[in-house]
Amino acid sequence: MGKGERQEKIYNQALHHTEMDLDKIDINAEPPIEEPVRQYYFIAKCREWVEGFERKAGRCPSFFTQTFGCQMNARDSEKLEGILRAAGFKAADSEDADFVIFNTCTVRDNANQRVYGRLGELKGRKRRNPSMRIALCGCMMQEPSVIEKIRTSYPFVDLIFGTHNIYKFAELMYASLETEGMLIDIWEDTDRIVENLPTERKYPFKSGINIMFGCNNFCSYCIVPYVRGRERSREPEDIIREIKRLTADGVVEVMLLGQNVNSYGRNLKHPLTFAELLQEVEKIEGLQRIRFMTSHPKDLSDELIQVMRDSKKICRHLHLPLQSGSTRILEKMNRRYTREQYVELALKIRSEIPDIAITTDIIVGFPGETPEDLEETIDVVRTVKFDNAFTFIYSKRTGTPAAAMEDQVSEKQVREGFDKLLKVVQDTAREQAAKYVGSIGEALIEEVNGDDDGAQSCQSLVTGRLSNNMIVHVPGDASLIGKTVRVSLDECKGFYYMGTIL
Ligand code: 5AD
Ligand code: SF4
């Protein structure tokens with residue numbers, strides 16, 4: 001078999017396995033065209049660079065990743081870390097590293113400001129360690145104005161790429177390691193999904209799984225459809241294969257991720273509903289818990305409610321963003337449901353699945369929102385009794401329809417409204433949590449509890465997550481991490497419980 005042919009065979013094998021053997025790649029050959037094998041080739045090239053670094057510096061190069069924003073970004077960062085590790089970089093605890101990468105978010109302006117703040121701090125570090133490489137990726141990089149600002153104000157950045165070409169990280173990293181100056185590669189859109197690249201997991205026992213990318217909803221305040229592109233679903237076989245591999249590797253809980261999981265599968269060649277996908281995931285042996293987010297109320301089907309109700313593995317938690325409780329504002333937000341439809345849906349879910357926790361997102365200060373609109377939102381919070389709610393101050397995102405709307409709300413009105421809403425949200429969440437005191441639940445132990453409660457009582461505590469996503473602290477040690485235990489919920493401390501293992 002000729003050299004080229006052998007290389008081809010190895011690449012083909014890689015298409016059917018998660019990771020390919022880097023030692024078998026001929027890095028002196030031309031780079032392959034096909035993905036993901038092309039990226040494995042560049043990981044091998046980066047590894048060669050790492051070996052050169054080690055010879056010169058007498059140590060491994062280190063990396064540091066910082067993730068801003070949502071769970072999708074957290075999962076993307078695990079993929080970046082998987083590639084950095086495969087190339088031979090070692091994780092560092094701080095930004096004093098040889099390769100620093102910020103995976104950014106732009107959903108609200110404060111996320112952008114935090115990135116600029118952190119970048120400012122990096123400047124001094126790079127002066128002390130001139131061989132340090134700085135890379136930026138994620139949603140913020142899809143905005144041309146951001147790229148302009150980085151070019152002019154942060155010229156020490158080495159590599160910038162976006163959300164659509166993140167799968168090319170190995171190739172881009174190699175190009176950046178081999179060149180001086182700023183390398184920028186931003187794509188406007190993509191219809192590609194590249195499978196089977198290496199990934200790293202933050203927790204050995206749980207993992208996020210992307211089931212779809214992008215969003216087609218164009219809520220009028222939201223930048224996500226512009227920076228993450230059109231909706232694309234992964235093939236169910238790929239999802240199931242990934243979860244099976246994860247469970248074989250010790251994962252007991254998965255979180256299926258998408259901007260709007262309820263519209264999963266519509267654009268597949270053989271369409272499949274989200275509820276059908278869940279039923280397939282449920283069958284995977286060894287998997288104990290299934291979570292998912294986020295659900296758009298307009299697409300949440302009765303079929304999904306039934307599947308959740310009858311499932312032994314789907315957790316009793318639904319994140320169902322309300323955004324506003326005023327039909328008038330919902331219309332301006334382009335949410336495509338009314339206040340009444342939302343309330344009816346939430347109450348139906350509560351009656352079908354009584355032990356479910358419903359959490360939500362609410363925006364305060366959307367253009368044109370009056371104190372009366374906010375009262376309607378507060379009224380929905382009281383009616384639905386959210387178990388938790390993330391409240392956000394409206395942030396104007398350039399390029400979205402809402403940014404051009406008149407009557408932006410005054411800061412004073414927003415502040416007052418926000419505080420008022422927050423109080424109701426907290427009271428409701430506390431009331432909901434108190435309902436379960438004295439009951440028994442199953443908790444997946446996630447980590448050793450680092451806060452004061454344990455220290456004061458000189459007893460070590462661990463933190464577990466209940467099916468309904470609430471947190472419980474119980475006496476125990478690190479050996480319990482990753483185990484599911486039955487606990488009694490002895491005391492409610494507002495947003496978490498103190499309990500005991502039974
Ligand atoms: N301003 C404030 N909050 C926003 N969100 C999305 N876009 C904006 C914005 N422009 C919130 C929504 C969404 C959550 C992830 O972020 O509530 O559900
Ligand atoms: Fe943004 Fe709406 Fe899509 Fe969610 S559903 S990502 S809020 S546009």
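Counting starts at 1 for both ligands and their atoms, in listed order. Note that these values count all heavy atoms, side chains included, but never hydrogens, waters or copies made by symmetry.
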Asker: Atom 14 (C) of ligand 1: which protein heavy atom is closest, and how many Å away?
Answerer: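 So the nearest neighbour among protein heavy atoms is D361 OD2, 3.5 Å.
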Asker: Give the residue and atom name of whichever protein heavy atom lies nearest to atom 16 (O) of ligand 1, and the separation in Å to one decimal.
Answerer: R108 NH1, 2.8 Å
Asker: If waters are left out, how many protein N/O/S atoms lie within less than 2.8 Å of atom 1 (Fe) of ligand 2?
Answerer: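 For atom 1 (Fe) of ligand 2, the figure is 1.
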Asker: Checking salt bridge (Lys or Arg N to Asp or Glu O under 4.0 Å) between D387 and each of K435, R350, R430, R316, which is the one that passes?
Answerer: R350
Asker: Can you report which non-hydrogen protein atom sits closest to atom 10 (N) of ligand 1, along with the distance?
Answerer: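 Scanning the protein heavy atoms, the shortest distance from atom 10 (N) of ligand 1 goes to S395 O, 2.8 Å.
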Asker: Tell me whether E303 at atom CD has more than 12 heavy atoms from other residues, nucleotides or ligands lying less than 6.0 Å away.
Answerer: yes
Asker: Within the 4.0 Å heavy-atom shell around I363, which atoms of ligand 1 are there?
Answerer: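 Under 4.0 Å from I363, ligand 1 has these atoms: 3 (N), 4 (C), 5 (N), 12 (C), 17 (O).
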Asker: Nearest protein heavy atom to atom 7 (N) of ligand 1, by residue and atom, and its distance?
Answerer: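 Sorting protein heavy atoms by distance from atom 7 (N) of ligand 1 puts Y221 CD1, 3.3 Å first.
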Asker: Taking the cut-offs as 6.0 angstrom to the six-membered ring centre and 45 degrees off its axis, would you call K493 and Y496 a cation-pi pair?
Answerer: no
Asker: Taking only residues two or more places apart in sequence or in another chain, which ones pass side-chain contact (heavy atoms from CB on, under 4.5 Å) with A135?
Answerer: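 For A135 the side-chain contact (heavy atoms from CB on, under 4.5 Å) partners, ignoring immediate neighbours, are F99, I101, L159.
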Asker: What protein heavy atom lies closest to atom 17 (O) of ligand 1? Include the residue and the distance to one decimal.
Answerer: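 Nearest neighbour among protein heavy atoms for atom 17 (O) of ligand 1, to 0.1 Å: Q323 OE1, 2.7 Å.
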Asker: How about Y154 and Y116: are their ring centroids closer than 6.0 Å?
Answerer: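 Yes, the ring of Y154 comes within the 6.0 Å limit of the ring of Y116, centre to centre.
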Asker: So which bit of V107 gets within less than 4.0 Å of ligand 1, heavy atoms only: side chain, backbone, both or neither?
Answerer: both
Asker: Any salt bridge between D419 and K423, counting N to O under 4.0 Å?
Answerer: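 No, D419 and K423 are not salt-bridged.
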Asker: Taking the six-membered ring for Trp, are F42 and F169 ring centroids under 6.0 Å apart?
Answerer: no
Asker: Does R228 reach ligand 2, in the sense of a heavy atom lying below 4.0 Å from it?
Answerer: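 The answer is no, since R228 has no heavy atom less than 4.0 Å from ligand 2.
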Asker: In Å, rounded to the nearest 0.5 Å, how long is the span from CD1 of I284 to CZ of R245?
Answerer: 11.0 Å
Asker: Using a 4.0 Å cut-off to any heavy atom of F392, which atoms of ligand 1 qualify?
Answerer: 3 (N), 11 (C), 14 (C), 16 (O), 17 (O)
Asker: Yes or no: does I393 have any heavy atom under 4.0 Å from an atom of ligand 1?
Answerer: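 So I393 counts as touching ligand 1.
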Asker: Please identify which atoms of ligand 1 are closer than 4.0 Å to at least one heavy atom of Y394.
Answerer: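 Heavy-atom distances to Y394 below 4.0 Å select 1 (N), 2 (C).
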Asker: Step through it carefully: locate the ring centre of F274, locate the ring centre of F292, and say whether they are under 6.0 Å apart.
Answerer: yes
Asker: Can you name the one residue among R108, R397, Q323 that meets side-chain hydrogen bond (donor to acceptor under 3.5 Å, both in side chains) with Y221?
Answerer: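 Going through R108, R397, Q323 one by one, the side-chain hydrogen bond (donor to acceptor under 3.5 Å, both in side chains) with Y221 is satisfied by Q323 alone.
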